[in-house]
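Reading through the structure tokens given below for one structure.
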Protein chains: 2
Amino acid sequence: MARKPDLLPGTLDMLILRTLQRAPLHGYGIALQIKRLSDDVLTVEEGSLYPALQRLLLQGWVKAEWKMTETNRRARFYTLTAAGRKQLGVELTQFEQMIEAIGRVLRDVQEA
Amino acid sequence: MARKPDLLPGTLDMLILRTLQRAPLHGYGIALQIKRLSDDVLTVEEGSLYPALQRLLLQGWVKAEWKMTETNRRARFYTLTAAGRKQLGVELTQFEQMIEAIGRVLRDVQEA
DNA sequence: CTCTACCCATAGATAAACTATATATACGCT
DNA sequence: AGCGTATATATAGTTTATCTATGGGTAGAG
């Protein structure tokens, strides 16, 4: 009845970019980190993650290169570009603005 | 390039239910109120609003009846049902949980 | 030599929201 | 009388994000 979404639609790109701002990372690692930092509230499914990364690549917000992980595995490491850093700023601002706006509607702030 | 969404996907039903919790209202009025309370940050397009109201009706979360407005117009007034009140509670809780989780990811709270 | 954790990727379905369009009426203005 | 604007509902068709399901493949532990 009441579905339990894995994440809030429209926030995935922002979460990925923010994760990459801390350090370059591969897809699997990004998903794990988001899951862990959110205390398992947010889960990034693989079918959402990899298309999202393709989107970000196409937009030029991240770049990718194949490397070996510490555990000796081939993995594609994504790095935030300058444009990506800028985009992250835009998305963070917009997101905060929306959250505040939603808060106003939910709380029904009275005005003169 | 950087799209400006009208609202955060996944929050519309909650916003409508919350608006109706204050008082029964017609579709047009709901959209106006959300827009105004949010200081024009949130805009509910008609193509989003009316399908959403149909959804809520089908789920039994609201009921509707035709009435006249104060300005002497035919309009369909929606009222929150008991089930709708309950659903609103669920959605509010989930939303807060998600927002907090996103906040943790964005702020990268350090733990032991 | 099998199992689990790690890692990438895409095709297809679903659902929410958007754009565009259609209809209609009350009221004020000229 | 005629026009424009704000009010009011509704749907068809498109787009886009996310999910489900599936397919690969490798390192290392047991």
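Every chain is numbered from 1, with letters handed out A, B, ... down the list of sequences.
Distance His26(B) NE2 to dA10(D) P: 12 Å, rounded to the nearest Å. In this structure, Glu65(A) atom CD and dC7(C) atom P are separated by 16 Å, rounded to whole Å. The interatomic distance linking Leu53(B) (CG) with dT9(D) (C1') rounds to 10 Å, in whole Å. The separation between Gln54(B) atom CD and dA8(D) atom C1' is 14 Å, rounded to whole Å. Taking atom OH on Tyr28(B) and atom C1' on dA26(C), their separation rounds to 13 Å, with Å as the unit. Between the P atom of dC6(C) and the CH2 atom of Trp66(A) lies a distance of 17 Å, rounded to the nearest Å. In this structure, the CG atom of Leu58(A) is 15 Å from the C1' atom of dA17(D), given to the nearest Å. The distance between atom CG of Leu49(A) and atom C1' of dT10(C), rounded to the nearest whole Å, is 13 Å.
Without hydrogens or angle criteria, Arg104(A) side chain to Ser38(B) main chain gives a donor-acceptor distance under 3.5 Å. A side-chain donor-acceptor contact under 3.5 Å links Thr69(A) to the backbone of Thr71(A). For Thr81(A) (side chain) and Gly60(A) (main-chain N/O), a donor-acceptor pair under 3.5 Å exists by modelled atom type.
Between Ala75(A) and Ala52(B), the residue anchored nearer the 5' end of DNA chain C, judged by the nucleotide with its closest heavy atom, is Ala75(A). For Asp6(A) and Asn72(A), each mapped to the nucleotide of DNA chain D holding its nearest heavy atom, the one lying further toward the 5' end belongs to Asp6(A). Each of Gly47(B) and Gly27(A) has a nearest nucleotide on DNA chain C; the 5'-most of these lies closest to Gly27(A).
Scanning atom types as modelled, no donor and acceptor separated by under 3.5 angstrom connect the side chain of Arg73(B) and the base of dA8(D). Taking 3.5 Å as the limit, the base of dT9(D) and the side chain of Arg76(B) contain no donor-acceptor pair of atoms between them. Side-chain to base pairing of Glu46(A) with dA9(C): one donor and one acceptor N or O lie within less than 3.5 Å of each other.
Under a hydrophobic clustering in which Ile, Leu, Val, Met, Phe, Trp and Tyr are joined whenever their side-chain heavy atoms come within less than 4.5 Å, directly or via other members, Phe77(A) and Leu49(A) fall into different clusters.
Contacts of Thr11(A) with the nucleic acid, taken as non-hydrogen atoms under 4.0 Å apart, involve only primed sugar atoms and P, OP1 or OP2. No engagement by Leu32(B) is indicated, since no non-hydrogen atom pair under 4.0 Å with the nucleic acid exists.
Look at Arg55(A) and you'll find a side-chain N or O under 4.0 angstrom from OP1 or OP2 of dT18(D). OP1 or OP2 of dA16(C) has not a single side-chain nitrogen or oxygen of Ser48(B) nearer than 4.0 Å. Proximity of Thr71(B) to the phosphate of dC27(C): no side-chain N or O atom is located under 4.0 Å from OP1 or OP2.
Closest heavy-atom contact between Leu20(A) and Tyr78(A): CD2-O, 3.4 Å.
With dC19(D), dC7(C), dT11(D) as the choices, the nucleotide that has an atom nearest any side-chain atom of Glu45(A) turns out to be dC19(D). Nearest to the side-chain atoms of Pro9(B) among the listed nucleotides dT11(D), dA17(C), dA8(D) stands dA17(C). For Pro51(B), taking side-chain heavy atoms from C-beta onward, the closest of the listed nucleotides dC19(D), dT11(D), dA9(C) is dT11(D).
Looking only at atom types and distance, the side chain of Gln33(B) has no donor-acceptor partner in the side chain of Arg36(B) under 3.5 Å away.
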